[in-house]
Asks: 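Starting off with a structure, shown below.
Order of the sequence lines fixes the chain letters, A, B, ..., with proteins taken first and strands second; residue numbering starts at 1 for each chain. What you see below is based on every heavy atom in this structure, not just the backbone, and it leaves out hydrogens, waters and symmetry mates.
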Number of protein chains: 2
Amino acid sequence: MSKCEQCIVRQFNSLKHLSKDELIRMSNCKTSKTIKKGEFLFNEGEHINGIFCVKDGVCKVSKMSENGRNQVVNLIKKGDLIGERSLISDEVSNLNAVALNDMEVCFIPKDEIIKDLEKNPNFSMGVLKNMANSLKNADDIIVNMAQKNVKQRLAETLLHLEAKFGVNEDGCIDIHLSREDIANIIGTATESAIRLLSEFKKKKYLAFKGKDIQLLDIDSLKNISQGF
Amino acid sequence: MSKCEQCIVRQFNSLKHLSKDELIRMSNCKTSKTIKKGEFLFNEGEHINGIFCVKDGVCKVSKMSENGRNQVVNLIKKGDLIGERSLISDEVSNLNAVALNDMEVCFIPKDEIIKDLEKNPNFSMGVLKNMANSLKNADDIIVNMAQKNVKQRLAETLLHLEAKFGVNEDGCIDIHLSREDIANIIGTATESAIRLLSEFKKKKYLAFKGKDIQLLDIDSLKNISQGF
DNA sequence: GTAAAAACATGACAAATATCATATTTTTAA
DNA sequence: TTAAAAATATGATATTTGTCATGTTTTTAC
């Protein structure tokens with residue numbers, strides 16, 4: 001069993017506020033899991049009863065709309081925590097999370113985290129700050145969804161993905177998303193997303209390498225996302 | 001100066017978790033303000049440096065989009081707190097808040113709240129739960145914005161407003177919003193909102209009394225919001 | 001009370017987007 | 001390896017929505 005107190009990943013999230021003692025206790029009750037590409041971490045309606053700390057890999061967090069379409073609300077990567085919300089409010093998850101590539105995660109049971117939240121103000125302030133930040137992001141996404149058209153949202157999303165995941169040795173955004181995933185992030189029909197990506201390619205704002213995307217003209221994409 | 005420990009309003013928000021001592025200290029450092037209809041509580045870019053507890057009245061919380069349009073992200077009413085976020089993350093506000101009618105609010109300075117958050121785990125858990133709930137709502141709004149069309153969003157919003165603000169003696173939704181406000185909630189052009197309201201009126205889903213709106217056919221509105 | 005401003009309303013049209021159809025390419029599984 | 005399935009791509013068309021124009025009603029400020 002790997003030890004939390006020696007794990008680098010926790011430096012990237014609220015768990016960095018825990019004391020050595022708290023981390024040792026956590027090591028003893030956590031479970032490590034390997035989640036294969038396409039498998040679920042959790043589903044809508046499930047009681048999660050703990051949080052996941054992502055050691056490696058990426059998952060998409062989404063929610064079914066009443067229309068029967070899937071909306072991606074977040075992408076979670078190495079160093080992030082998932083499930084904080086369902087932990088604090090005693091409800092079942094309103095979201096589902098599916099691995100986009102093979103993942104290494106640790107699962108920490110609810111009770112353990114609650115204890116730490118109550119006893120360690122640094123930790124709870126950290127969680128609070130993190131949530132405040134998520135909430136601010138959510139507001140930005142709402143404004144973008146409500147006020148920007150599909151082309152603007154696609155440009156914005158591509159820039160955001162490159163900023164978040166960086167580029168690989170080919171110069172492409174270092175995450176593999178299907179065209180459908182991209183459509184489900186920006187909230188449009190898959191065909192529309194494909195069409196606009198083709199348009200951007202034709203205009204040399206980006207290039208396809210295999211199915212991955214390389215951004216070529218950041219300035220133009222920025223302008224588009226801002227409505228110019 | 002009114003006393004927090006005797007104020008009913010705090011029962012409706014996280015401040016209910018504070019001890020008598022903490023409330024007495026809060027009474028001594030808070031300031032009461034009257035905010036007239038149309039005046040701002042705070043603006044985008046301002047340091048808020050505290051939270052507002054709403055004793056009476058309603059305000060709309062919005063954000064300018066890069067397109068220059070205003071998106072309403074929340075409506076805050078009696079019993080709610082505003083400004084929690086800017087308090088916890090040390091940044092300027094990303095939102096602005098303007099009174100929709102005359103308001104009575106108390107302003108509690110940041111330092112006081114931070115002290116309580118660090119010393120009273122019940123309180124910080126309460127704030128955390130509240131934020132978790134806001135985050136869940138935000139996800140729902142994102143999904144609605146992304147996946148529903150304007151007519152669905154209007155129906156949804158009307159139902160939501162009636163649930164949140166109730167009806168007055170005329171049977172109308174008990175909040176006065178301009179057509180522009182409604183358009184800015186659902187993220188559409190004012191003309192589109194007006195047109196759809198007229199359509200709903202023609203179909204007897206609702207009636208206008210003056211400029212207020214009375215919902216007549218809840219079932220039909222529910223069906224519309226769900227895409228039937 | 002009255003003029004000016006703001007809000008509301010509606011038509012005409014243009015632009016954006018979804019949907020359906022169909023073809024091609026890529027991936028998956030036996 | 002190969003057939004089937006899934007993903008990508010693009011055209012045609014219908015629907016939704018935004019924009020501009022214009023008129024009416026309501027509210028505001030003097």
Side-chain angles (χ1 to χ4, degrees), chain A residues 36-39 60 65 67-71 98 100-101 144-157 172 176-203 206-213 224-225 227-228, chain B residues 36-39 60 65 67-71 98 100-102 144-157 172 175-203 206-213 224-225 227-228:
Chain A
K36 287 233 154 33
K37 178 177 174 177
E39 288 179 357
K60 68 173 172 189
S65 76
N67 301 0
R69 287 206 297 203
N70 208 26
Q71 178 64 34
V98 57
L100 287 177
N101 45 36
N144 283 339
M145 284 292 179
Q147 302 285 0
K148 290 187 173 181
N149 64 31
V150 176
K151 193 184 286 190
Q152 290 175 291
R153 301 208 298 269
L154 176 60
E156 164 112 12
T157 296
C172 294
H176 185 68
L177 292 169
S178 69
R179 300 296 188 252
E180 189 180 1
D181 287 332
I182 294 175
N184 290 346
I185 293 172
I186 65 181
T188 190
T190 306
E191 296 95 321
S192 297
I194 290 173
R195 232 181 284 274
L196 287 170
L197 281 170
S198 299
E199 185 189 323
F200 284 179
K201 180 185 166 192
K202 202 172 287 171
K203 291 184 176 165
L206 51 76
F208 299 161
K209 294 193 175 176
K211 284 182 185 178
D212 290 347
I213 294 168
I224 289 169
S225 99
F228 300 121
Chain B
K36 288 232 154 31
K37 178 179 173 176
E39 289 179 357
K60 69 174 171 186
S65 75
N67 300 1
R69 287 206 298 203
N70 208 25
Q71 178 65 34
V98 56
L100 287 177
N101 46 34
D102 293 350
N144 283 339
M145 285 291 178
Q147 301 285 359
K148 289 188 173 180
N149 63 29
V150 175
K151 192 183 286 191
Q152 291 175 292
R153 300 206 299 269
L154 176 59
E156 164 111 13
T157 296
C172 295
I175 181 176
H176 183 67
L177 292 168
S178 68
R179 302 293 189 254
E180 190 181 358
D181 286 332
I182 294 176
N184 290 346
I185 293 171
I186 65 181
T188 189
T190 306
E191 295 96 321
S192 297
I194 290 174
R195 233 181 284 273
L196 286 170
L197 282 169
S198 299
E199 184 189 325
F200 284 180
K201 181 186 165 191
K202 201 173 287 171
K203 291 184 176 165
L206 50 79
F208 299 160
K209 294 193 177 177
K211 285 182 183 175
D212 289 348
I213 295 168
I224 289 169
S225 98
F228 300 123

Asks: Side chain of B/Asn149 only, please: which of D/dA21, D/dA9, D/dT17 is the nearest?
Replies: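 Within the option list, the nearest is D/dT17.
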
Asks: Would you say the side-chain atoms of A/Asn101 and A/His176 include a donor-acceptor pair closer than 3.5 Å?
Replies: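 No, because no side-chain N or O of A/Asn101 sits under 3.5 Å from a partner of the opposite role on A/His176.
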
Asks: Evaluate the side chain to side chain donor-acceptor pair (under 3.5 Å) criterion for residues B/Asn144 and B/Glu156: first the C-alpha distance (whole Å), next the side-chain angles of each, then the deciding distance (0.1 Å), finally the verdict.
Replies: CA-CA 9 Å; B/Asn144 283 339; B/Glu156 164 111 13; 3.1 Å; yes

Asks: Tell me: CG of A/Leu177 to C1' of D/dT8, nearest whole Å?
Replies: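 Atom-to-atom, A/Leu177 to D/dT8, this comes out as 15 Å.
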
Asks: Could you tell me how far apart A/Phe208 (CZ) and D/dA7 (P) are, to the nearest whole angstrom?
Replies: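 It is 17 Å, rounded to the nearest whole Å.
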
Asks: How is B/Arg153 classified with respect to the nucleic acid when contacts are heavy atoms under 4.0 Å: base, sugar-phosphate, or nothing?
Replies: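 It contacts nothing in the nucleic acid.
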
Asks: Taking the side chain of B/Thr188 as heavy atoms from C-beta outward, which of D/dT8, C/dA21, D/dT17 is closest to it?
Replies: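 Nearest to the side chain of B/Thr188 among the choices is D/dT17.
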
Asks: Identify which nucleotide among D/dT17, D/dA9, C/dT10 has an atom closest to any side-chain atom of B/Ser192, counting heavy atoms from C-beta outward.
Replies: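 For the B/Ser192 side chain, the nearest candidate turns out to be D/dT17.
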
Asks: Roughly how many Å is it from NZ in B/Lys148 to P in C/dT17, rounded to a whole number?
Replies: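 Atom NZ in B/Lys148 sits about 20 Å away from atom P in C/dT17.
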
Asks: In terms of side-chain heavy atoms of B/Val150, which of D/dA21, C/dA18, D/dT17 is nearest?
Replies: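 Closest of the options to the side chain of B/Val150: D/dT17.
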
Asks: Just the rounded figure in Å: distance from P of C/dT26 to NZ of A/Lys209.
Replies: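 That distance rounds to 17 Å.
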
Asks: Which whole-number value in Å describes the distance from B/Ile224 CD1 to D/dT16 P?
Replies: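 In whole Å, D/dT16 P and B/Ile224 CD1 are 12 Å from each other.
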
Asks: I need the CG-C1' distance between A/Leu154 and C/dA16, as an integer number of Å.
Replies: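 Taking CG of A/Leu154 and C1' of C/dA16, I get 14 Å after rounding.
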
Asks: If I compare all heavy atoms of A/Met145 with all of A/Ile185, which pair ends up nearest, and what's the gap?
Replies: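 For A/Met145 and A/Ile185, the tightest heavy-atom pair comes out as CE-O, 3.2 Å.
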
Asks: Before accepting this row, confirm whether a basic side-chain N of the pair B/Glu191/B/Arg195 lies closer than 4.0 Å to the acidic partner's carboxylate O.
Replies: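 No.
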
Asks: Does B/Arg195 get its side chain close enough to the base of C/dG11, under 3.5 Å, for a donor-acceptor pair?
Replies: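 It does, because a donor-acceptor pair links the side chain of B/Arg195 to the base of C/dG11 below 3.5 Å.
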
Asks: If I take atom CD in residue A/Glu199 and atom C1' in nucleotide D/dG11, what distance separates them, rounded to the nearest angstrom?
Replies: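 So the CD-C1' distance, A/Glu199 to D/dG11, works out to 15 Å.
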
Asks: Indicate, with a heavy-atom threshold strictly under 4.0 Å, whether B/Thr190 touches base, sugar-phosphate, or nothing.
Replies: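 Result for B/Thr190 = nothing.
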
Asks: Using whole Å, report how far CD1 of B/Ile194 lies from P of D/dC20.
Replies: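 About 16 Å, once rounded to whole Å.
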
Asks: I want to confirm an ordering. Mapping A/Lys37 and B/Ser178 to their closest nucleotides on DNA chain C, which one lands closer to the 5' end?
Replies: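 Mapping each residue to its closest nucleotide by heavy atoms, the 5'-most match is B/Ser178.
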
Asks: Do you know which two heavy atoms are closest between B/Gln147 and A/Asn70, and how far apart they sit?
Replies: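 Closest approach of B/Gln147 to A/Asn70: NE2-O, 3.3 Å.
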
